Amino acid sequence: MQDLVAELRTALPEGAVLTDPDLLKVHQRDEADLVPAGMPAVVVRPRTTEQVVAVVKAAARAGVPVVPQGARTGLAGAANAVEGAVVLSTVAMDAIVEIDAVNRFAVVQPGVVNATLAGAVAAKGLRYPPDPGSWESSTIGGNVATNAGGMCCVKYGVTGEYVLGLEVVLASGEVLRTGRRTAKGVAGYDLTRLFVGSEGTLGVITEITVGLRPAADSSLTLIAVFPTTTAAGKAVAAISSGGFSPSLLELLDQTHLRAIEALRPMGLPTDAKAMLLAAVDTGSRAADDLAAIEAVCTAAGASEVFAATDAVEAAELLRARRLAHPAMEKFAAETYPEGSGGIIVDDIAVPRSALAAMLDGIEKISVEYDLPIAVVGHAGDGNLHPNIVVDRLDPASVERGRGAFDEIMRLGLSMGGTCTGEHGVGLLKRDWLAHEVGPVGMAVHRAIKAALDPNDLLNPGKVV
Ligand SMILES: Cc1cc2nc3c(=O)[nH]c(=O)nc-3n(C[C@H](O)[C@H](O)[C@H](O)COP(=O)(O)OP(=O)(O)OC[C@H]3O[C@@H](n4cnc5c(N)ncnc54)[C@H](O)[C@@H]3O)c2cc1C
């Protein structure tokens with residue numbers, strides 16, 4: 001290992017090779033709670049593709065695994081270090097290489113933070129829509145490698161729909177360029193798509209070309225308050241079948257409303273069992289569309305519906321939604337003595353028509369396993385995050401939490417859902433990927449992995 005570290009120090013700029021034990025510890029894991037992680041031997045922060053090539057080749061010669069990391073906001077343990085690995089952090093690869101307003105694309109290095117790109121293209125009257133809740137910290141590389149979703153995906157689609165092309169350093173150290181800079185293009189297999197969502201297991205993404213859209217029209221926002229989560233689920237199905245196309249359709253249950261209000265008081269309806277946050281950006285039709293969505297919510301059982309009075313209030317509501325994860329972490333810690341509460345964050349997507357039944361099922365699982373399970377989600381996509389609150393100091397509680405997690409997975413798949421709507425497989429969902437795609441699907445996954453990374457050195461143990 002000392003030889004490898006020395007070789008890395010020669011290949012990389014000063015300060016780009018970290019072996020300080022505190023820094024190694026910081027880079028051990030992503031945001032997924034209660035998921036195992038090893039201790040890396042070294043962390044590197046290359047700045048260029050050539051430097052990434054040097055790292056991958058040196059690690060391959062030494063037979064040491066490489067774990068790519070972005071901002072480590074992942075929620076599936078996919079960025080967790082493997083014991084003794086080289087962690088390849090892309091945070092120093094943070095250049096916006098090009099913004100082409102005519103052809104509506106941007107070229108970025110992988111470490112560019114989502115909000116930084118969104119801001120830079122907005123300054124040119126353009127828009128990069130994918131907006132995960134972590135947009136102020138997560139990187140475009142991480143977003144691509146997890147095919148991240150977000151709030152506006154209900155109307156504008158997930159990260160993968162914006163990736164036009166990639167530069168990828170393969171396990172061999174060769175540099176692959178995929179995709180195009182043109183509006184259309186169908187040459188060859190869709191290799192770009194293969195790397196989208198590959199969670200660092202097939203190559204290190206070193207440059208990304210993303211498609212851009214014109215700036216969106218301003219939006220109008222409402223909240224609808226429901227006496228049950230299932231009523232909120234039914235409202236989502238009714239909004240969808242009514243032919244509406246909201247630009248935001250998010251669900252927060254009572255536990256989340258209370259946790260967010262405790263973290264940052266802003267007058268949320270904490271007596272409600274569930275709240276839907278909806279927005280429309282349909283220009284001159286927006287007011288009519290919002291009124292129609294209000295009527296649908298009322299017909300589905302909403303006890304109250306409030307329209308945001310102005311853009312500031314709408315932004316505050318969106319900000320509240322973005323606080324769901326830190327608020328739940330605080331809530332979970334305080335649920336058990338000594339602050340020992342943790343969350344098993346789940347991520348399931350079901351057909352929108354099954355959303356109400358899924359929400360009902362989660363409530364039953366919460367009772368059956370005697371654990372709080374709070375639900376937040378991108379309801380318009382049928383994508384729910386049941387947060388299972390456990391006492392990390394009590395093995396029986398953690399065991400029940402894992403049981404509840406499996407039960408939720410089973411239920412979601414039985415409804416025609418998928419085991420992960422956006423967080424990815426990582427370490428958390430490996431068993432469930434096999435359930436979902438079956439033996440032939442797994443064989444194809446493994447064949448692709450073996451073809452691109454025959455020595456299993458890129459993020460081993462994740463996904464497949
Ligand atoms: C508060 C909060 C809110 C969130 N909201 C959302 C949400 O709305 N939607 C959503 O989808 N997710 C959400 N997430 C999860 C997370 O932010 C996303 O998965 C995000 O895309 C991860 O980006 P990252 O830069 O942190 O990547 P990391 O967590 O560092 O890495 C994620 C995966 O990508 C791989 N990777 C990273 N960079 C590269 C690269 N250059 N080449 C190859 N592989 C790479 C890693 O190996 C790992 O497998 C949220 C997380 C938090 C903490």
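Counting starts at 1 for both ligands and their atoms, following the listed order. In this text the structure is predicted, and so the values were computed from the model without any measurement.
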Can the ring centres of His385 and His325 be said to be less than 6.0 Å apart?
->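 No, the ring of His385 stays outside the 6.0 Å limit from the ring of His325, centre to centre.
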Asn455 (side chain) donor-acceptor with Leu457 (main chain) under 3.5 angstrom =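 No; judged by distance alone, with no hydrogens or angles, the pair does not exist.
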Who are the residue neighbours of ligand 1 when the rule is a heavy atom under 4.0 Å from any of its atoms?
->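 The 4.0 Å shell around ligand 1 contains Glu31, Pro68, Gln69, Gly70, Ala71, Arg72, Thr73, Gly74, Leu75, Ala78, Ala79, Thr90, Pro110, Pro132, Gly133, Ser134, Ser138, Thr139, Gly141, Gly142, Asn143, Ala145, Thr146, Ala148, Gly149, Gly150, Glu199, Gly200, Gly203, Val204, Ile205, His325, His378, Glu422, His423, Asn459.
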Counterpart residues, salt bridge (Lys or Arg N to Asp or Glu O under 4.0 Å), relative to Asp381 (two or more places apart) |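 If we apply the salt bridge (Lys or Arg N to Asp or Glu O under 4.0 Å) test to Asp381, skipping adjacent residues, there are no hits.
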In chain order, what residues pass the side chain to side chain donor-acceptor pair (under 3.5 Å) check against Glu363, with sequence neighbours excluded?
->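 Glu363 satisfies side chain to side chain donor-acceptor pair (under 3.5 Å) with Thr229 only.
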Got a sec, which residues hit side chain to side chain donor-acceptor pair (under 3.5 Å) with Gln69, two or more places apart in sequence or on another chain?
->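 Not a single residue meets the side chain to side chain donor-acceptor pair (under 3.5 Å) criterion with Gln69.
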Carboxylate-amine/guanidinium proximity below 4.0 Å for Arg322 and Glu136 =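 No, Arg322 and Glu136 are not salt-bridged.
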